[in-house]
2 protein chains.
Amino acid sequence: MAKIHEVAEAAGVSISTVSYALSGKRSISPATRDRVERAAALLGYEPNAGARMLAGRRTQIFALTEPFRPDTHAPTHMSFVLATSIAARRYDYDILLLTDAEASAGMRRVSASGLVDGIIVLDVAPEDDRVALSRAIDVPTVFIGVPEDVEGLVCVDLDFEAAAALAVDRLADAGHRRIGFVGHPESAYARSNFPPRVRRGVEQEARRRGVAVSAEYPGEGDERHRDIREAVRRLIDDGVTALALHCDDAAHSAVLAELAAAGLSVPADMSVVSIGSSFDTSSFSTPLDRIPLEPESSCELAVGLAARMADGESVEPGVRLTEPRYQAFGSVSPPR
Amino acid sequence: MAKIHEVAEAAGVSISTVSYALSGKRSISPATRDRVERAAALLGYEPNAGARMLAGRRTQIFALTEPFRPDTHAPTHMSFVLATSIAARRYDYDILLLTDAEASAGMRRVSASGLVDGIIVLDVAPEDDRVALSRAIDVPTVFIGVPEDVEGLVCVDLDFEAAAALAVDRLADAGHRRIGFVGHPESAYARSNFPPRVRRGVEQEARRRGVAVSAEYPGEGDERHRDIREAVRRLIDDGVTALALHCDDAAHSAVLAELAAAGLSVPADMSVVSIGSSFDTSSFSTPLDRIPLEPESSCELAVGLAARMADGESVEPGVRLTEPRYQAFGSVSPPR
DNA sequence: TTGAAAGCGCTACCAG
DNA sequence: CTGGTAGCGCTTTCAA
């Protein structure tokens with residue numbers, strides 16, 4: 001725990017020179033900078049966080065608010081947390097967790113105490129009380145996800161509607177006229193902000209392209225695996241020649257299992273595309289084309305915006321959607 | 001962002017009185033305390049975090065280091081993060097996330113900068129470089145999980161061996177002489193610290209009680225569901241009359257599905273116990289007896305210890321194991 | 001290009 | 001039981 005004073009002494013300069021040499025906030029002669037850096041490294045100097053906050057009015061901490069709802073999909077959520085945390089470090093920020101009751105109440109607390117320079121909001125619900133909170137506090141806030149009311153907010157997300165449309169387009173381009181959609185359990189469409197956007201994207205693009213869609217929303221819990229296989233069976237009986245999936249990896253596995261059980265091969269007998277998946281669809285027994293979720297893109301963008309706002313730059317409110325990307329792994333071909 | 005000065009003025013007292021009235025660190029007349037609290041509430045006063053750290057040499061922040069390994073089981077991990085975060089707030093601490101490369105490097109950084117008062121280590125590997133790091137830094141560190149070399153460390157965890165033994169005992173008590181064990185994929189036994197402890201517990205207690213054990217470690221990935229069902233089939237053919245499970249919820253579902261497919265009912269034809277599960281085994285189609293993981297116990301204990309150490313109390317190094325608890329839901333009965 | 005020094009807002013010691 | 005005040009270790013003016 002060396003202090004700036006000791007570094008200054010060791011380098012034979014004043015403490016302000018040490019501060020400037022290390023922060024780069026004013027020009028320092030190469031020789032001096034070098035001496036300072038050497039001394040700092042030698043002593044293992046790390047500026048005291050508290051002193052820095054107090055004097056510099058910047059904490060280099062972002063709060064990450066995540067309610068951890070019971071129906072949150074843990075693996076996907078984890079990849080968002082990870083991506084945010086990594087992006088934050090690139091901008092020299094640490095992440096402070098606000099969960100459970102503190103997801104909301106903590107926003108007020110940490111902004112009032114000046115503990116954080118910005119707030120990143122995860123796991124956004126259509127009607128989210130953190131929307132009103134973000135307007136009430138004076139700390140820059142960025143939403144990853146799009147709530148109902150976005151007035152004055154800075155939001156970032158994958159363009160799920162475009163992603164869904166892209167999936168439908170690829171299938172329609174290949175000549176499919178009747179496709180099946182396997183979505184999340186019905187309950188997810190009220191609680192979360194993005195499943196409805198995928199559904200809407202599929203429906204609208206299908207209408208535009210003259211493609212018929214049969215949708216299935218297999219349930220949760222114990223019987224899920226069976227539910228999904230029954231849903232796939234119904235879609236096969238319906239005569240669909242392609243499937244668009246927006247569900248978790250276990251559901252993907254179940255779909256593939258049922259196709260195999262029905263003696264259908266991909267893509268010869270059934271084309272399959274995965275929409276907004278955060279897991280690796282290329283390592284399934286049958287690699288699947290996908291439009292990936294890519295939390296890294298949204299999180300990087302969100303953290304970058306938060307950093308700019310924390311620097312006092314003004315950022316235009318609005319919803320920033322990242323463009324979907326199509327990854328082909330050979331699971332789509334023309335229908336038989 | 002009211003400051004202590006304004007609160008003092010509003011309450012008609014000195015700033016030191018405000019500080020003491022709010023912290024309770026010296027006795028204050030009820031009348032004065034009341035005036036101060038009213039003024040603070042009215043102004044929405046929240047002590048400035050940076051100033052507090054600098055003057056008080058306490059940050060009220062714990063770092064939580066979690067590498068997010070690729071094979072980390074996300075739902076279980078999330079429940080540990082959540083439990084730690086909630087426990088921390090009860091002790092008036094916030095949680096700072098250290099993930100990815102920062103899980104290790106960050107420990108040094110945040111302790112050198114005085115950003116945190118303590119460190120909680122999650123997702124402990126048998127050979128974990130955070131063990132050496134924790135010895136090199138001067139910030140109190142508590143491990144949730146037990147690494148190979150625990151010399152001088154403060155560790156907290158469920159007593160997995162006792163949990164496994166408890167499961168075997170209950171089955172043996174019911175009269176079972178031949179039981180099946182469904183564990184994690186083989187790879188988990190090298191990477192993680194607790195699966196080997198469960199395996200050891202099962203083996204030792206089975207030997208002690210004269211019970212035969214057939215063990216299965218079904219694989220990962222796409223074909224997992226099928227793997228598990230085949231494993232269960234083998235165990236049935238082996239003539240086991242009871243199963244002890246130490247695997248994730250999807251695997252539990254697959255096991256139940258295979259039992260149903262084989263025409264076996266629980267517990268009449270097959271008794272089943274779940275060991276160290278973090279999910280709710282009582283809401284399966286067949287409720288299962290379990291010895292729950294209960295992250296809350298370990299996390300509460302870990303945070304409590306960290307808080308005491310941060311207060312300067314000396315805490316005896318050593319491994320503190322929490323006692324397993326048996327929850328019966330009617331899935332165990334004597335063999336036919 | 002460098003140095004001196006004035007705070008940042010609180011905690012905790014020393015008086016009374 | 002209460003008030004005054006000296007720092008905590010840095011950042012950032014103001015001077016040179």
Using only side-chain N and O atoms of S27(B), determine if any of them is under 4.0 Å from OP1 or OP2 of dC1(D).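 Yes, within the criterion.
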
Name the atoms and distances for all side-chain donor-acceptor pairs under 3.5 Å in residues 296-307 of chain A, with sequence neighbours left out.
{"residue": "E300(A)", "atom": "OE1", "partner": "R90(A)", "partner atom": "NH2", "Å": "2.1"}
{"residue": "E300(A)", "atom": "OE2", "partner": "Y91(A)", "partner atom": "OH", "Å": "2.9"}

Rounding to 10°, can you tell me the angle the first-five-pair axis of the helix from dT1(C)-dA16(D) to dG16(C)-dC1(D) makes with its last-five-pair axis? 30°

Can you list the residues that meet the ring-ring contact (aromatic ring centres under 6.0 Å, His included) rule with H73(A), with sequence neighbours excluded?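 With sequence neighbours excluded, H73(A) shows a ring-ring contact (aromatic ring centres under 6.0 Å, His included) to no residue whatsoever.
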
Suppose we screen for ring-ring contact (aromatic ring centres under 6.0 Å, His included). Which residues come up paired with F80(A), at least two apart in sequence or across chains?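 By the ring-ring contact (aromatic ring centres under 6.0 Å, His included) rule, F80(A) matches no residue at all.
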
D128(B): which residues meet the salt bridge (charged side-chain N to carboxylate O under 4.0 Å, His left out) condition with it, sequence neighbours left out?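 Only R69(B), R130(B) meet the salt bridge (charged side-chain N to carboxylate O under 4.0 Å, His left out) criterion with D128(B).
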
Show the atom names and distances, to 0.1 Å, of all donor-acceptor pairs under 3.5 Å that link a side chain in residues 47-54 of chain A to residues at least two apart or in another chain.
{"residue": "N48(A)", "atom": "OD1", "partner": "G50(A)", "partner atom": "N", "Å": "2.9"}
{"residue": "N48(A)", "atom": "OD1", "partner": "A51(A)", "partner atom": "N", "Å": "2.8"}

Please give, in whole Å, the distance from dT2(D) C1' to R35(B) CZ?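 Value for this atom pair: 11 Å.
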
Separation of D34(B) atom CG from dC1(D) atom C1', in whole Å?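 Whole-Å distance recorded here is 16 Å.
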
Please name all residues satisfying side-chain contact (heavy atoms from CB on, under 4.5 Å) with A101(B), sequence neighbours left out, ordered by chain then number. none

Output every pair passing ring pair (Phe, Tyr, Trp, His ring centres under 6.0 Å) with a member in [range], not counting sequence neighbours, ordered by first then second residue.
range: residues 7-60 of chain A; value: none
range: residues 117-144 of chain A; value: none
range: residues 93-132 of chain B; value: F62(B)-Y93(B)

Letter by letter from the 5' end, nucleotides 10-16 of chain D scores (B base, S sugar-phosphate only, - none; protein heavy atoms under 4.0 Å) BBBBB--

Taking any atom under 4.0 angstrom from a heavy atom of chain A, which nucleotides of DNA chain C are the first and last to qualify, 5' to 3'?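 The contact span of chain A on DNA chain C goes from dT1(C) to dG9(C).
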
Donor-acceptor check, side chain of S23(A) to backbone of S19(A), threshold 3.5 angstrom: yes or no? yes

